[in-house]
A.B. asks: 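Pasting a structure here, questions to come.
Residue indices begin at 1 and follow the sequence shown. Hydrogens, waters and symmetry mates play no part in the numbers below; they use all other heavy atoms, side chains included.
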Amino acid sequence: MSNKHEARPYYLAICGENGIVWTIPLSSKVDKYQAKISSDEKRHGECIFYYITRVKGRQSAFLIGNVIPVVEEYIKKPFTIQGVPFVIEDKADIKKIQSKLKRYLTMVRYGKLRPAIDILSIERQLINKRKNAEYLV
């Protein structure tokens with residue numbers, strides 16, 4: 001996906017089971033997503049689709065509802081600062097994002113949510129490809 005010529009991080013990568021890496025898009029349009037979070041919280045009491053926190057000193061929105069499964073071979077490179085891969089250090093933020101992702105994926109798996117992209121089909125294809133690759137010569 002377009003990423004302003006790779007000048008900023010586009011995804012947060014969270015390693016899952018079976019070698020799947022769940023990639024969560026980041027957005028700088030915090031006001032837009034804060035409004036969506038407020039709306040969801042009023043209607044449902046919580047919002048699992050978005051999470052806002054500071055990344056590299058600025059507020060960023062994690063678009064959990066737009067998560068995409070990949071395997072490591074599809075990741076071009078990590079986002080680095082002075083040659084060091086950038087890692088979100090706030091354990092509370094990591095825990096909240098992982099919790100929202102887990103709840104989101106559970107709802108998708110049980111058919112309670114239908115994402116615009118069939119992420120479960122992509123996940124199955126990636127797992128099958130990985131398993132079949134073991135038998136290729």
Side-chain angles (χ1 to χ4, degrees):
M1 299 179 91
S2 176
N3 185 20
K4 298 191 181 195
H5 306 289
E6 300 175 23
R8 63 180 170 84
Y10 190 77
Y11 293 104
L12 167 68
I14 297 179
C15 294
E17 298 174 10
N18 298 321
I20 299 297
V21 177
W22 293 95
T23 55
I24 301 172
L26 298 173
S27 175
S28 59
K29 298 179 181 177
V30 174
D31 292 340
K32 172 182 176 179
Y33 293 105
Q34 185 60 58
K36 290 182 179 216
I37 290 170
S38 295
S39 174
D40 276 5
E41 287 176 343
K42 285 179 188 172
R43 289 176 32 210
H44 306 291
E46 66 176 337
C47 176
I48 63 170
F49 298 103
Y50 313 105
Y51 181 73
I52 296 173
T53 192
R54 297 187 76 73
V55 175
K56 253 185 83 187
R58 285 188 273 189
Q59 291 286 93
S60 291
F62 292 86
L63 313 182
I64 297 162
N66 294 351
V67 67
I68 300 168
V70 299
V71 289
E72 273 191 60
E73 66 190 74
Y74 295 117
I75 299 173
K76 186 172 184 178
K77 64 180 182 169
F79 178 73
T80 60
I81 299 174
Q82 297 178 342
V84 178
F86 179 77
V87 176
I88 297 174
E89 294 179 0
D90 188 329
K91 303 267 189 241
D93 283 335
I94 294 168
K95 197 170 190 175
K96 287 177 186 175
I97 293 166
Q98 287 176 323
S99 174
K100 286 178 181 261
L101 175 61
K102 185 177 181 179
R103 288 193 342 249
Y104 177 79
L105 291 174
T106 297
M107 292 181 81
V108 171
R109 291 186 199 289
Y110 283 101
K112 300 208 183 266
L113 291 175
R114 293 199 180 269
I117 297 171
D118 189 353
I119 59 175
L120 298 182
S121 174
I122 296 169
E123 178 189 34
R124 280 190 303 277
Q125 290 174 31
L126 291 170
I127 290 169
N128 287 336
K129 180 181 176 188
R130 184 171 222 132
K131 284 181 182 177
N132 291 331
E134 296 172 11
Y135 301 105
L136 295 177
V137 178

A.B. asks: Anything under 30° is parallel, anything over 60° is perpendicular, the rest tilted; go ahead and classify Phe49 against Tyr104.
C.D. replies: perpendicular
A.B. asks: Nearest 0.5 angstrom please: Leu126 CG to Tyr74 OH, how far?
C.D. replies: 6.0 Å
A.B. asks: Where do Ile97 and Ile64 come nearest, in terms of heavy atoms and distance?
C.D. replies: O-CD1, 4.3 Å
A.B. asks: List the residues meeting side-chain hydrogen bond (donor to acceptor under 3.5 Å, both in side chains) with Gln59, not counting sequence neighbours, and say none if there are none.
C.D. replies: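 So Gln59 forms no side-chain hydrogen bond (donor to acceptor under 3.5 Å, both in side chains) with any residue.
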A.B. asks: Check Ile119 against Val67 and note the closest heavy-atom contact, atom names and distance.
C.D. replies: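 For Ile119 and Val67, the tightest heavy-atom pair comes out as CG2-O, 3.3 Å.
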A.B. asks: Nearest 0.5 Å, please: how far is CD1 in Ile122 from CD1 in Ile68?
C.D. replies: 7.0 Å
A.B. asks: Is there a side-chain contact between Gln98 and Ile14 in this structure, where contact means two heavy atoms from C-beta onward sitting under 4.5 Å apart?
C.D. replies: yes
A.B. asks: Apply ring-ring contact (aromatic ring centres under 6.0 Å, His included) to Tyr51 and list each qualifying residue two or more places apart in sequence or on a separate chain.
C.D. replies: none
A.B. asks: Enumerate the residue pairs fulfilling salt bridge (Lys or Arg N to Asp or Glu O under 4.0 Å) with a member in residues 90-108, sequence neighbours excluded, ordered by first and then second residue.
C.D. replies: Glu46-Arg103
A.B. asks: With heavy-atom distances below 4.5 Å as the criterion, would you say the side chains of Ile37 and Gln34 are in contact?
C.D. replies: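 Yes, side chains in contact.
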A.B. asks: So do Thr23 and Val21 actually touch side chain to side chain, heavy atoms under 4.5 Å?
C.D. replies: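 Yes, at least one pair of side-chain atoms sits under 4.5 Å.
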A.B. asks: Could you report the tightest heavy-atom contact between Val71 and Gly19, atom names first, then the distance?
C.D. replies: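 So the two residues come closest at CG1-O, 3.7 Å.
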A.B. asks: Taking atom CD of Glu72 as the centre, does the number of heavy atoms from other residues, nucleotides or ligands within less than 6.0 Å exceed 12?
C.D. replies: no
A.B. asks: Are the side chain of Ser27 and the backbone N or O of Ala61 linked by a donor-acceptor pair below 3.5 Å?
C.D. replies: no
A.B. asks: Nearest heavy-atom pair of Pro69 and Glu123: which atoms, and what distance?
C.D. replies: CG-N, 3.9 Å
A.B. asks: Under the criterion side chain to side chain contact (heavy atoms under 4.5 Å, CB included), which of Leu12, Val55, Ile52 is the partner of Ser60?
C.D. replies: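 It is Val55, the one option of Leu12, Val55, Ile52 that forms the side chain to side chain contact (heavy atoms under 4.5 Å, CB included) with Ser60.
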A.B. asks: Applying side chain to side chain contact (heavy atoms under 4.5 Å, CB included), run through Ile48 and Leu113 and close with a yes or a no.
C.D. replies: CA-CA 11 Å; Ile48 63 170; Leu113 291 175; 4.2 Å; yes
